[in-house]
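Note that these values count all heavy atoms, side chains included, but never hydrogens, waters or copies made by symmetry. Here is the naming used below: chain letters follow the sequence lines, and residue numbers restart at 1 for every chain.
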Amino acid sequence: MRLVTWNVNSLRARLPRTLALLEREQPDFLLLQETKLLESDFPFLDIQAAGYQAVTHGQAPFNGVAILSRSEPDSVTTGFPGDPILDEARVIAATYGDLTVISAYVVNGRDLSDPMYEVKLQWLDALQAWIADAFDPAGNVVIAGDFNVTPDDRDLYDAVLLTGQVHHSEPERERLSAMLDWGFVDLFRIHDDQPGTFTWWDYRGGALHRKLGLRIDLILGTRPLAERCTEVRVDRNERRPTAGEGKPSDHAPVIAEFTDR
DNA sequence: ATGTCACTTTACAAGTGA
């Protein structure tokens, strides 16, 4: 089983690259964030032509999440109970047999002094409460997407410069830790304990070339899935301007491989 | 540390969110 998560920063702008990714990787699941499309504008036909089903919690001009899959899901839920910002489409969950797949786009928070920072913490608390209420850590659950939090100081280009700032503050990292304490494993860290693997680079200032990135796109899996996870890699090439048709997203896809049972 | 991108609109430039 292969699962990919990608913040596409507009699915309309990234459709050619998204279809190329499906062709290239042949994933079983592709979780998208920042689709920025209403469901009525979602490119279902192109995705079906590529051999995939799609479900979306759509919104424009911001947010929007989706899950593409080979098979049709048994059930789908959008949003989650207790979400403090109900009018923003940031979470979709789908079940396929005994597997639950969740695509999540965590609140950015902007800055510690911005009101959206507190909203981010409340949002993460509510997300965790929902997960603990609705799921079993002994089951097969994966939540992946743009968490807008670096798990620790290996996951940012300059810890001295950025420590305490938004994405890297202790309260944000505590919320992420709570998800790991519940039973999720940061699948990338199973096989790689080194610093410097990133999934996002600012469009500005040549950040990609200067290696000024963050690892904020995560794939978290419950222990039964972690035990089957053989590899997690970042498709850094996809972030390059020349890698495909049209411009790149500022995020790279993250790809997890699992042994079949 | 932002010379970018995507998107929007009392729309062909300027604001917004990231």
Task: A/E88 CD to B/dT16 P, straight-line distance once rounded to whole Å - done: 16 Å
Task: Residues A/R173, A/D153: salt bridge by 4.0 Å N-O rule - done: yes
Open item on the list: Between A/T100 and A/V141 (side chain of the first, backbone of the second, donor and acceptor by atom type, cut-off under 3.5 Å), is there such a pair?
Closed with: no
TODO: Output the single nucleotide from B/dA18, B/dA6, B/dG17 whose closest atom is nearest the side chain of A/F62.
DONE: B/dG17
Open item on the list: Output the rounded distance in Å from NZ (A/K36) to C1' (B/dT8).
Closed with: 11 Å
TODO: Name the residue closer to the 5' end of DNA chain B, choosing between A/K247 and A/N108 according to the nucleotide with the nearest heavy atom.
DONE: A/K247
Open item on the list: If you only use heavy atoms from C-beta on, which nucleotide in B/dA18, B/dA1, B/dC7 is closest to the side chain of A/R12?
Closed with: B/dC7
Open item on the list: Check this for me: does any side-chain nitrogen of one of A/D235 and A/R24 sit under 4.0 Å from a carboxylate oxygen of the other?
Closed with: yes
Task: Pairs flagged by ring-ring contact (aromatic ring centres under 6.0 Å, His included) wherever residues 135-173 of chain A is involved - sequence neighbours left out - done: A/W130-A/F135
TODO: Measure the spacing between OG1 of A/T5 and CD1 of A/I255 and express it to the nearest 0.5 Å.
DONE: 10.5 Å
Task: Distance between C1' atoms of B/dA1 and B/dA18 (Å, rounded) - done: 15 Å
TODO: Quote, to the nearest angstrom, the P distance that separates B/dA11 from B/dG15.
DONE: 14 Å
- [ ] Mark yes or no for whether A/R239, through its side chain, and A/W201, through its backbone, hold a donor-acceptor pair below 3.5 Å.
- [x] yes
Task: 5' priority, DNA chain B, between A/L162 and A/N63 [closest heavy atom] - done: A/L162
Open item on the list: Regarding A/E25 and A/R233, does a basic nitrogen lie under 4.0 Å from an acidic carboxylate oxygen?
Closed with: yes
- [ ] Would you please name every residue forming a side-chain contact (heavy atoms from CB on, under 4.5 Å) with A/E245, sequence neighbours left out?
- [x] A/P16
Open item on the list: Nearest whole Å is fine: how far is B/dT16 P from A/M116 CE?
Closed with: 15 Å
Task: Euclidean distance, atom CG of residue A/L11 to atom C1' of B/dC5 [Å, nearest integer] - done: 16 Å
Open item on the list: Nearest to the A/P61 side chain among B/dA18, B/dA6, B/dT8, which nucleotide is it?
Closed with: B/dT8
- [ ] Please state the P separation for the pair B/dC12 and B/dT8 - nearest whole angstrom.
- [x] 16 Å
Open item on the list: My understanding is that only residues two or more places apart in sequence, or in another chain, count here; which of them pass side-chain hydrogen bond (donor to acceptor under 3.5 Å, both in side chains) with A/R2?
Closed with: A/E257
- [ ] Starting from P on B/dT2, measure out to CG on A/L214 and report it in whole angstrom.
- [x] 16 Å
Open item on the list: If I take atom CG in residue A/L38 and atom P in nucleotide B/dC7, what distance separates them, rounded to the nearest angstrom?
Closed with: 12 Å
Task: Among B/dG17, B/dA1, B/dA6, the nucleotide that comes nearest once only the side chain of A/R110 is considered - done: B/dG17
Open item on the list: Test: side chain to side chain donor-acceptor pair (under 3.5 Å). Region: residues 179-193 of chain A. Which pairs qualify, not counting sequence neighbours?
Closed with: A/D155-A/R189, A/D186-A/R215
Open item on the list: What is the distance, to the nearest angstrom, from the CD atom on A/Q33 to the C1' atom on B/dA18?
Closed with: 14 Å
TODO: Figure out the CH2/C1' separation between A/W201 and B/dG3, and round it to whole Å.
DONE: 21 Å
- [ ] Give, ordered by number, those residues of residues 202-210 of chain A having at least one heavy-atom distance below 4.0 Å to an atom of DNA chain B; if nothing qualifies, reply none.
- [x] A/D202, A/Y203, A/R204, A/R210
Task: Side chain of A/Y157 (C-beta onward), nearest among B/dC7, B/dA18, B/dA1 - done: B/dA1
Open item on the list: Output one letter per nucleotide in nucleotides 9-15 of chain B: B when a protein non-hydrogen atom lies under 4.0 Å from the base, S when only the sugar-phosphate is that close, - when neither is.
Closed with: -------
